[in-house]
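Read through the structure below, which is laid out as structure tokens, and then see the notes.
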Amino acid sequence: MDADVIVVGAGLAGLVTAAGLAARRRRVLLLDAEPLTSLGGQAHWSFGGLFLVGSPEQRRLGVRDSAGLALADWLGSAGFDRDSDYWPRRWAEAYVDFAAGEKRSWLHGLGVRFFPVVQWAERGGYAVPGHGNTVPRFHVTWGTGPGLVAPFADAVLGSDHVTVRARHRVTGLTAGADGVEVTGEVLAPSSVERGRPSPRTVVGGFVYQAGAVVVAGGGIGGDLDQVRRNWPTDWGVPPDDLICGVPDHVDGSMLRVTTAAGGRVINPDRMWHYPEGLINHSPLWTRHGIRILPGPSSLWLDASGHRLPAPLYPGFDALGATRHIARTGRPWSWFVLDRAILGAEFALSGSEQNADLTGRDVRRLVRDRLGPGPTPEVQAFLERGVDFVTAGTVRELVARMNALTGGEDLVDADQVLDLVRARDAQVRSGLGKDPQVVATSAARRYVVDRLMRVSPPHPLLATGVPGADPDGRVGDHGPLIAVRLHLLTRKTLGGLETDLDSRVLQPDGTPLPGVYAVGEAAGFGGGGVHGYRSLEGTFLGGCLFTGRRAAAAL
């Protein structure tokens, strides 16, 4: 045997598994097709958000949470409704217990710290027990994704029990009673920058044997053809011009290898994509997109200028908005706002888009987050991004919106002007019946949203009187801004079916001997722990939890 356990994939889930096995003095062979500089995989690029329940950070902010409330939110969002949801539901119950129990103390013991301001993602807006987080649960790692990856990467690289083989692409897997065998190709050495596509020149082959193998190869979000093949039927026709929120190597290859060996993939049509994607002005991977993390105040219009229905407001239901936009037949939409809303409510997902948090720079954080105007990263997109247009009047803004999308005049200026005036009238009333205006005001009851996440309600226009202002001049918080939003691929919610020991199951429900799966390859547990929708902060957490469970089982 070349090792006790072979781990395929050096992303967060693979690192957690390898580190856990090394701590138990097991010999581990860690294989990955990418260069060693890509250690940590997608987690490196993440915002570092983690779903925690009943944390000290929540309590300090007056947030009352519990495992029971979190599980009710999870099940209301997941909507489990298939026979294949047996193991995903059991994983969900176990994960919520983990998030409300030892997850934080375990990470704290490894040196992971959290930004004390808990964010409120995926607010839902539906009647209970529907989708959404009842309370804020999104805890940002101090150091973002790299800060979360570091303790596990350090443990792996510093262990005498782990051998790391980069540029080793697994293409075959054979499972038997006496162990497992993995075969594959050795790729030419590469020094490409992290995130950029690496060469696939084959310079050799390999065969390794071990008592068990752990599949940690991720999902399919970087392969747009696969995304389209698995596109949910009720989302309409898959768009031709999706953008990618993950690097090219996230291609689902280990799902195919493990299926060929006898494993079972379930829920392949459940995916988690975002409707608020921007084309990156400085791309690394193919069709590189960045997600806006929006506050709730922007008006959200489809490609034809029609307002999205309630409760599809920014930050409330990402998948609901994605489905709605995809069904329109045009895979883009618009935020309409002003500079004050941009400065208060726009953040960008990703470690490289949050230099203050990633660099753990308190002085920079105070300057960039609490000072006036947008963060430098948002300002860069405003100046250099292709998706932003600004204007002094609604009519001018709509003209520039139409020009940006090919000059078809899809958006009608009079219609948008009426929408903005109607919205402003609700704000000026001081109360309002418009559900988005009411939801925005309600959000400011939470101290974090009031201080640094939700703009004080204010009219967008200088006046609400049509005759006095036929063009819709911007008010005191201008200029007006429109942001074109693209559908952005991200996560595979389905995956290899696993039991609570992370063992991969065969179509007949029995374990595939010696084969385990973790992270996104396992649908973050069971083959689809999220069901149809995520509560956010649960993808990195799923990598942690499944990797930990697999290491303990092995």
Side-chain angles (χ1 to χ4, degrees), residues 7-23 28-50 106-107 110-114 140-159 162-169 190-198 214-219 221-222 244-251 253-254 284-285 288 290 349-355 357-360 490-492 518-522 524 537-548 550-551:
V7 177
V8 183
L12 180 61
L15 291 175
V16 172
T17 306
L21 289 166
V28 179
L29 181 59
L30 178 60
L31 307 178
D32 197 281
E34 294 306 300
L36 192 60
T37 51
S38 292
L39 206 66
Q42 296 177 62
H44 171 88
W45 300 104
S46 74
F47 196 32
L50 290 173
W106 170 58
L107 291 172
L110 295 173
V112 176
R113 298 294 182 267
F114 298 101
V140 178
T141 304
W142 189 231
T144 65
L148 184 61
V149 168
F152 302 102
D154 292 346
V156 166
L157 294 176
S159 174
V162 182
T163 300
V164 181
R165 298 267 167 84
R167 305 298 284 158
H168 280 54
R169 180 171 60 185
S190 172
S191 59
V192 298
E193 182 182 0
R194 179 193 287 270
R196 294 195 184 280
S198 62
V214 179
V215 177
C244 284
V246 295
D248 294 62
H249 64 257
V250 185
D251 61 0
S253 60
M254 282 308 299
L284 290 173
W285 53 81
H288 189 171
I290 298 294
S349 183
S351 55
E352 81 284 14
Q353 299 296 332
N354 295 276
L357 292 165
T358 302
R360 310 182 197 199
R490 186 62 62 88
K491 294 299 180 187
T492 309
V518 295
E520 192 174 355
F524 303 94
T538 55
F539 301 129
L540 295 174
C543 293
L544 297 171
F545 188 50
T546 55
R548 199 164 182 252

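One is the number of the first residue; the rest follow in order along the sequence.
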Between Pro247 and Leu284, is there a side-chain heavy-atom distance shorter than 4.5 Å? no

Can you tell if the side chain of Val140 reaches within under 4.5 Å of the side chain of Phe114, non-hydrogen atoms only? no

Could you check whether any side-chain N or O of Thr546 sits under 3.5 Å from a backbone N or O of Gly519, counting only pairs where one atom can act as donor and the other as acceptor? yes

Taking every heavy atom of Pro197 against every heavy atom of Asp248, the minimum-distance pair comes out as CG-OD1, 3.6 Å

Of all residues at least two apart in sequence or in a different chain, which pass the salt bridge (Lys or Arg N to Asp or Glu O under 4.0 Å) check with Arg194? none

NZ on Lys491 to CZ on Phe524, rounded to 0.5 Å: 4.5 Å

What are the two closest heavy atoms between Val162 and Ala22, and how far apart are they? CG2-CB, 3.6 Å

Taking the side chain as everything from C-beta on, heavy atoms only, tell me whether Thr37 gets closer than 4.5 Å to Val192. no

Taken in chain and number order and not counting sequence neighbours, the residues that satisfy side-chain contact (heavy atoms from CB on, under 4.5 Å) with Ala23 are none

Checking Asn354 against Phe47 for the side-chain contact (heavy atoms from CB on, under 4.5 Å) test, could you report, in this order, the C-alpha distance in whole Å, the side-chain angles of both residues, the deciding distance, and whether it holds? CA-CA 8 Å; Asn354 295 276; Phe47 196 32; 3.4 Å; yes

Where Leu50 and Leu544 come nearest, the two heavy atoms and their spacing: CD2-CD1, 4.1 Å

Separation between CG of Leu39 and CG of Leu15, rounded to the nearest 0.5 Å: 4.5 Å

Counting N and O atoms only, with roles assigned by atom type, does the side chain of Ser46 sit under 3.5 Å from a partner on the main chain of Ala43, one being a donor and the other an acceptor? yes

Taken in chain and number order and not counting sequence neighbours, the residues that satisfy side chain to side chain donor-acceptor pair (under 3.5 Å) with Thr492 are Glu520

Short side-chain to backbone donor-acceptor contact, Thr358 and Thr144, under 3.5 Å: no

Please report the closest heavy-atom contact between Thr17 and Ala551, naming both atoms and the distance. O-CB, 3.7 Å

Looking at residues at least two apart in the chain, or sitting in another chain, which of them share a side chain to side chain donor-acceptor pair (under 3.5 Å) with His288? Asn280

Short side-chain to backbone donor-acceptor contact, Ser190 and Pro35, under 3.5 Å: no

Chi angles and distances behind the side-chain contact (heavy atoms from CB on, under 4.5 Å) call for Val518, Val7: CA-CA 10 Å; Val518 295; Val7 177; over 6 Å; no

Pair Gln42-Cys543, side-chain contact (heavy atoms from CB on, under 4.5 Å): steps then yes or no: CA-CA 11 Å; Gln42 296 177 62; Cys543 293; over 6 Å; no

Within the distance-only criterion (no hydrogens, no angle test), does the side chain of His168 pair as donor or acceptor with the backbone N or O of Ala166 below 3.5 angstrom? yes

How are the rings of Trp45 and Trp285 set to each other: parallel, tilted or perpendicular (split at 30° and 60°)? perpendicular

Rounded to the nearest 0.5 Å, what separation is found between the CG atom of Leu107 and the CZ atom of Phe152? 5.5 Å

Is the shortest heavy-atom distance from the side chain of Leu29 to the side chain of Thr163 under 4.5 Å? yes

For Gly145 and Ser351, work out which heavy atoms get closest and say how close. N-CB, 4.4 Å

Under the salt bridge (Lys or Arg N to Asp or Glu O under 4.0 Å) test, which residues partner Arg196, sequence neighbours left out? Glu193

What I'd like to find out is whether the side chain of Val112 reaches to under 4.5 Å of the side chain of Thr141, using heavy atoms alone. yes

I need the minimum non-hydrogen distance between Ser198 and Arg167, along with the two atoms involved. OG-NH1, 3.1 Å

Report the residues that fulfil side chain to side chain donor-acceptor pair (under 3.5 Å) with Arg360, sequence neighbours left out, ordered by chain and then residue number. none

